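For reference, the structure discussed in these notes is given below.
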Amino acid sequence: MSRAALLVLADGRFPAGGHAHSGGAEAAVKAGRIRNAEELESFCRGRLHTAGLTAAALAAAAAAGLDPLALDDAADARTASPALRTSARRLGRQLMRAARAVWPGPGLDALAAARPRGAHQPVVLGVAARSAGLGPEDAAHCVAYETVSGPATAAVRLLGLDPFQATAALARLTPDLDRVAAEAARAAGQGIDALPAASAPLLDITAEQHAAWPVRLFAS
């Protein structure tokens, strides 16, 4: 196991397309639900403990070696918004290209062949983590961090927030990140049927609205 591999996988500069997605922050900013660093932190905490927990558990399960096709079906069942399903598969396809170039392996090849249009991003990330020699909790930490870092980065661009304040908000969330990653890894150890299905209905609703905007800065 290489902690350095985890840093590479979690790096926002890893060429997997995440920079083009706001994680619901763009719609929240337009609706007036994120106006400052305090509200950004609240938004990220809510996203982390709902959609983030679900995604982290899927990634942990894939990293543990559970059937990625069954996990992809489970991800579909846990993603109510068609727009978010489309985004997750688009991100999964982009991540797959990067991961196969960096950590080639039979698991990634098999998933790419079975899901040529893209598997859900957390599932691909879990398989990539396994190919990189990482464990379930590593994969869960990576997804949990992505869940909050994406909206934080987007909010800096959308609102002109002080990046120091945005990063401080992320730092205050680190205990929550640890708890969510640990919970996700525990659930993954109990099988697919035990994976959480926490949801954030407002994120689903605003994702559908955002997808219909004629002009937007972020893809989701």
Side-chain angles (χ1 to χ4, degrees), residues 10-56 58-59 72-73 75-99 112 115-125 142-163 165-167 169-170 173 197-220:
D11 193 332
R13 291 164 293 189
F14 192 77
H19 65 280
H21 295 259
S22 78
E26 185 169 21
V29 166
K30 183 175 182 179
R33 286 189 286 273
I34 300 177
R35 295 168 296 180
N36 50 49
E38 181 180 356
E39 291 175 348
L40 170 64
E41 182 177 343
S42 178
F43 175 88
C44 288
R45 180 173 286 108
R47 190 169 192 267
L48 173 64
H49 286 280
T50 53
L53 172 61
T54 300
L58 289 162
D72 196 51
D73 291 341
D76 247 4
R78 287 162 170 76
T79 309
S81 163
L84 290 180
R85 287 198 296 270
T86 298
S87 293
R89 292 192 179 281
R90 182 180 299 121
L91 283 167
R93 186 168 62 249
Q94 292 172 300
L95 175 58
M96 177 66 78
R97 291 180 60 195
R115 293 287 191 271
R117 299 181 65 181
H120 279 259
Q121 191 265 3
V123 178
V124 177
L125 189 145
C142 187
V143 169
Y145 179 68
E146 285 182 348
T147 297
V148 297
S149 63
T153 300
V156 169
R157 295 174 62 185
L158 291 162
L159 291 171
L161 282 183
D162 183 341
Q165 292 183 359
T167 302
L170 291 180
L173 288 170
S199 63
L202 188 56
L203 284 179
D204 294 330
I205 292 168
T206 56
E208 291 301 308
Q209 295 169 344
H210 182 270
W213 291 1
V215 179
R216 55 183 188 256
L217 183 60
F218 292 92
S220 70

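A quick note: this is a predicted structure, and the numbers were derived from the prediction, not measured.
- Defined by atom type and a distance below 3.5 Å, a donor-acceptor pair is present between the side-chain atoms of Glu146 and Gln121.
- With contacts defined as side-chain heavy-atom distances shorter than 4.5 Å, the pair His120/Leu58 does not qualify.
- At least one side-chain heavy atom of Leu203 sits less than 4.5 Å from a side-chain heavy atom of Phe43.
- The side-chain heavy atoms of His21 and Leu91, taken from C-beta on, include a pair separated by under 4.5 Å.
- Shown here for Leu40 and Ala155, the closest heavy-atom pair between the two residues is CD1-CB, 3.8 Å.
- In this structure a side-chain-to-backbone donor-acceptor pair under 3.5 Å is present from Ser81 to Ala83.
- Heavy atoms from other residues, nucleotides or ligands lying under 6.0 Å from CD of Glu208 number more than 12.
- Ion pairing of Arg47 with Asp204 is absent here, as no side-chain N (NZ or NE/NH1/NH2) approaches a carboxylate O to less than 4.0 Å.
- Inter-residue side-chain proximity for Leu217 and Leu158 is flagged as met; some heavy-atom pair is nearer than 4.5 Å.
- The side-chain heavy atoms of Leu95 and Phe14, taken from C-beta on, include a pair separated by under 4.5 Å.
- Among residue pairs with one or both ends in residues 75-86, those qualifying as salt bridge (charged side-chain N to carboxylate O under 4.0 Å, His left out) are Asp76-Arg89; sequence neighbours excluded.
- The side-chain hydrogen bond (donor to acceptor under 3.5 Å, both in side chains) contacts involving residues 210-219 comprise Glu26-His210, where partners must be two or more places apart or lie in separate chains.
- Using a 4.5 Å heavy-atom threshold, the side chains of Cys44 and Glu41 count as separate.
- Taking 4.5 Å as the limit, some side-chain heavy atom of Cys142 sits within range of a side-chain heavy atom of Leu125.
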